[in-house]
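Please read the structure below before turning to the comments.
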Protein chains: 2
Amino acid sequence: MSASRASRSLRAGIGSGNDGTRRHNLSTVLTTIHHHDPMSRSEVTRRTQLNRSTVGALVTELVELGLAYETPPEEQAQRGRPSPIVHPNSKVSALVVNPDVEALTLGLVGLGGVVHKRVRHALDRKPSPREAIDVTVDLVKGMGEELERDYRVIGVGLAIPGLVRNRDGLVRRAPYLDWTSEPFAEHVSRALGLPTFAGNDASVAMISESLYGAGRGVSNLVYLNGFLVGIGGGVMVAGVPLVGEDGYAAELGHTVVSEGSLRCHCGRLGCLETEVNFLRLREAMSGDPVDLYDLDSVLTTTTDRGLLLEAERQINVLAEAIANFISVFNPEVVLLGGFLGSLEAAFPDLVRRKVYESSFAPLAENVRIERATLRTPLPLLGSAELAFTPLLRDPAGVALPLAYGGPPAA
Amino acid sequence: MSASRASRSLRAGIGSGNDGTRRHNLSTVLTTIHHHDPMSRSEVTRRTQLNRSTVGALVTELVELGLAYETPPEEQAQRGRPSPIVHPNSKVSALVVNPDVEALTLGLVGLGGVVHKRVRHALDRKPSPREAIDVTVDLVKGMGEELERDYRVIGVGLAIPGLVRNRDGLVRRAPYLDWTSEPFAEHVSRALGLPTFAGNDASVAMISESLYGAGRGVSNLVYLNGFLVGIGGGVMVAGVPLVGEDGYAAELGHTVVSEGSLRCHCGRLGCLETEVNFLRLREAMSGDPVDLYDLDSVLTTTTDRGLLLEAERQINVLAEAIANFISVFNPEVVLLGGFLGSLEAAFPDLVRRKVYESSFAPLAENVRIERATLRTPLPLLGSAELAFTPLLRDPAGVALPLAYGGPPAA
DNA sequence: CTACTTTTGTGGACGGATCGAACATATACT
DNA sequence: AGTATATGTTCGATCCGTCCACAAAAGTAG
């Protein structure tokens, strides 16, 4: 054993004892099987670098806690005694809620990243916090009986299109919903009777990509997602999501780029998200307006001069912004999602060339620019991760419900 | 004990055993006394949240390792048995080298942040890597006998004005020294026969401020230093210095600001460090050119219209850049050093007002903007920290020299 | 000056955690 | 069928921090 549990922090932390060791190892095993679902016990042993005996004991404890189970070994073309497969118990789940301008999406995600359910509730106008909660409670009630019978819901993860204070889930400002200082997480928590955690939608999507998408195994990652309105950002720094002091960090869409002239809803001139913008792209097209998900085919086949010029303008601005993020973060990968991913897919060489031209050369030489891979489950998995975190950190310390008991009696 | 050793990483790490616990606790105690030198044993007990007995054993081990010693209690107006003071052994030291355009500075820094020696060797022109090493070796030889007799040098920390690959200390690009892809750390290591670590000068200065200066206790910190030429940046993210994939992160001086027109040495237009620039400030003055350290008094007393206009222009640009960094990092504090600190000191209200005006309001509302406090020992302490890190992480695992044996025989 | 209170150092017993070795088991290969 | 290999299982050894009882050293009150 040469494991180093020492954090990378320069500052002194606090001491630790045997129970801390146990917690750490239990957490390590549960997290490992959660992020790589079908995995043999021997593989767990190799990954954790723990002793066979120890892993045996840890898995046994996780099974007793109802967090994992073992299945008979798969057929394998390998000598030696087969090792049972350790699975996380996907019935242990998190509710996921993503209120947005056009719709409220609700999901149920189990350990292992299994999306049990996903409901998209279309909205005719942007919801108030009250309405968002009502819709959420209705949707949960709709799946209520099954929820109580079959799943053990440990918490709620919210993905919010705006600034979210991570300490308590206050929505400090969500411009497109027009919410200001709404204690949304607190109200959701009360309405559903579950511990609730909230994050910015793009940051949460970055976590999804990092765990299950194009960002697997990448420790230093810059993620940009082009939504219908606005651009969201998420950053992974040394394997840790960047949150900042209050949780407001990685607002990459609200960095001023050099060629800005339009006023952003945040009050400033020339924000990235005002200059690089799906709606402006759509306005540049002649013909019927396209959907965000149809952009790929349109961009690759179009001969619309106006659209092509606007796309190129936006790519130039985007490249400049990316170059700045590269100077700031020195990432291994820059991941583009949403309509930014469509731009990258349609003009891959142009995007890369412009980024390299706009960069301080030595910084950009090893950066990979790629398209994000996840589509609809995008915010789901990452926000579920928010709700799973306490359990993953201390599997034996979190009281696990036998079943979801429904909202508290009124 | 409710210590959580779990890292904040979402990804699964590796397991840990009893030896890991011991290492962690030994590290915790040594780091604690290193960063808060005079500290009683009972205070260590409180801080680490370990048991009295355990701290006793740990301190004993550190003393046996020659890393700490205890002194009789100070007089205290407090009841109860007095607790001995635990000190880090400041004879355990790191050599620090900071090659720059005008001078090469060498220092000897002991545990506890004690600056034993500091030599500034003026240079008539920017040094080549070869010359920098020769000067360094000469200076070390100059203090050689005493070094061997009185100190136990465990390593070398380099502060470099440029891009440094943290993996191996390669100086990828140092524009003002005109070094490109120089394996400087490796050569220094061979020349002095000591393990050598290198970092960017501003990032290292950020570490100094964070441990001993205006950034004490701040976990999320953006630091900007205005050098004679250029602007360096350093960022603390959740208590961990931002390094990026290769160590090139936090090049905040090389982010493009919106009003740029001059070409930067990095090849781009409108970099922060070309727009906000000490030399341009000096050119705007009538009269004799001032030194970087005289700027404070000049700025506060001047009535020079050209200088005031230029200062205001630079503050406007700086504020815009800071606003972007706030959007990206959501820091608790923004620290300004060098001539940027002088600007802040001379025009505190203007700086703050412009930053707040340029920011996405909710993000800036809690940010403190302050001047950095450390002057000459600035890069020294932080680069020493680089060299101390292995020891602080694993106090029992690093072979400690009885004395510095001098450069290897030629 | 003395007895009391408070705080801290010290040493041994204890429980908990991982490890390593020996043994058992299950598979592939020959 | 026998052998080699890989892994699960069991149990004792080892290490670590904690807890407890006691000693030590200071201030405080009378």
Side-chain angles (χ1 to χ4, degrees), chain A residues 1-5 13-29 39-63 68-86 394-397, chain B residues 1-6 13-29 39-63 68 70-86 394-397:
Chain A
M1 285 282 317
S2 64
S4 166
R5 259 177 318 195
I14 61 172
S16 178
N18 274 348
D19 56 345
T21 301
R22 184 64 165 190
R23 198 166 37 239
H24 172 82
N25 288 341
L26 222 41
S27 165
T28 300
V29 171
M39 181 178 275
S40 72
R41 223 160 94 176
S42 63
E43 176 67 20
V44 175
T45 304
R46 267 189 298 277
R47 289 222 183 218
T48 57
Q49 299 180 32
L50 290 164
N51 192 282
R52 284 212 296 273
S53 329
T54 310
V55 172
L58 291 167
V59 169
T60 302
E61 182 164 352
L62 288 177
V63 170
Y69 61 96
E70 290 187 301
T71 55
E74 306 270 320
E75 279 120 55
Q76 48 170 29
Q78 198 202 346
R79 290 222 277 228
R81 177 173 177 174
S83 191
I85 312 293
V86 192
D394 184 7
Chain B
M1 284 278 319
S2 63
S4 167
R5 257 176 321 195
I14 61 175
S16 177
N18 275 346
D19 55 346
T21 301
R22 185 64 167 192
R23 199 166 36 241
H24 172 82
N25 288 341
L26 222 42
S27 165
T28 300
V29 172
M39 181 179 274
S40 73
R41 224 160 94 177
S42 62
E43 176 67 22
V44 174
T45 303
R46 267 189 298 276
R47 289 223 182 216
T48 58
Q49 300 180 33
L50 289 164
N51 192 283
R52 285 211 298 271
S53 320
T54 310
V55 172
L58 291 166
V59 169
T60 302
E61 184 166 350
L62 288 176
V63 170
E70 290 186 303
T71 54
E74 308 268 322
E75 279 121 53
Q76 46 172 24
Q78 197 201 346
R79 288 222 279 228
R81 179 173 175 173
S83 192
I85 312 293
V86 192
D394 184 7

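Every heavy atom of this structure was used, including side-chain atoms; hydrogens, water molecules and symmetry mates were not. Each chain gets a letter, A, B and so on, in the order its sequence line appears, and its residues count up from 1. Predicted, not measured: the structure shown is a model, and the values here were computed from it.
Checked against dA17(C), dG8(D), dG9(C), the side chain of P84(B) finds its nearest nucleotide in dG9(C). Among the nucleotides dT9(D), dG9(C), dT18(D), the one closest to any side-chain atom of S53(B) is dT18(D).
Among residues two or more places apart in sequence or in another chain, the salt bridge (Lys or Arg N to Asp or Glu O under 4.0 Å) test is passed with R46(A) by E43(A). By the side-chain hydrogen bond (donor to acceptor under 3.5 Å, both in side chains) test, Q78(B) pairs with no residue at all, sequence neighbours left out. For S83(A), the side-chain hydrogen bond (donor to acceptor under 3.5 Å, both in side chains) criterion is met by no residue, not counting sequence neighbours. Listed by chain and residue number, nothing satisfies the side-chain hydrogen bond (donor to acceptor under 3.5 Å, both in side chains) test with T60(B) (two or more places apart in sequence, or in another chain). Looking at residues two or more places apart in sequence or on another chain, you find a side-chain hydrogen bond (donor to acceptor under 3.5 Å, both in side chains) between S40(B) and S42(B).
Distances shown here put every side-chain N or O of N18(A) at or beyond 4.0 Å from the OP1 or OP2 atom of dT18(C). Under 4.0 angstrom from either OP1 or OP2 of dT8(C) there lies at least one side-chain N or O belonging to R46(B).
In this structure, the side chain of N25(A) engages the main chain of S16(B) through a donor-acceptor pair within 3.5 Å.
Judged by distance alone, the side chains of T21(B) and T21(A) do bring a donor and an acceptor atom under 3.5 Å apart.
Rounded to a whole Å, the CG atom of L58(A) is 16 Å from the P atom of dG16(C). Residue R41(A) contributes atom CZ, which lies 13 Å from atom C1' of dT25(C) at whole-angstrom precision. Following rounding to the nearest Å, E70(B) (CD) and dT10(C) (P) show an atom-to-atom distance of 7 Å. For the pair R22(A) CZ and dC19(C) P, the computed distance is 11 Å after rounding to whole Å.
Nearest-nucleotide mapping onto DNA chain D: of S83(A) and R52(B), the residue sitting toward the 5' end is S83(A). Residue S40(B) is the one, among L26(A) and S40(B), whose nearest nucleotide of DNA chain C lies closer to the 5' end (criterion: closest heavy atom).
Between the base of dC19(C) and the side chain of N51(A) there is no donor-acceptor pair shorter than 3.5 Å. Residue-to-nucleotide contacts include no donor-acceptor pair under 3.5 Å from the side chain of T21(B) to the base of dC15(D).
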Give me the distances for all protein-to-nucleotides 1-6 of chain C N/O pairs that come in under 3.5 Å?
| residue | atom | partner | partner atom | Å |
| --- | --- | --- | --- | --- |
| dT6(C) | O2 | G80(B) | N | 3.2 |

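As judged by a 4.0 angstrom heavy-atom cut-off over every strand, S42(A) is placed among residues touching the sugar-phosphate backbone only.
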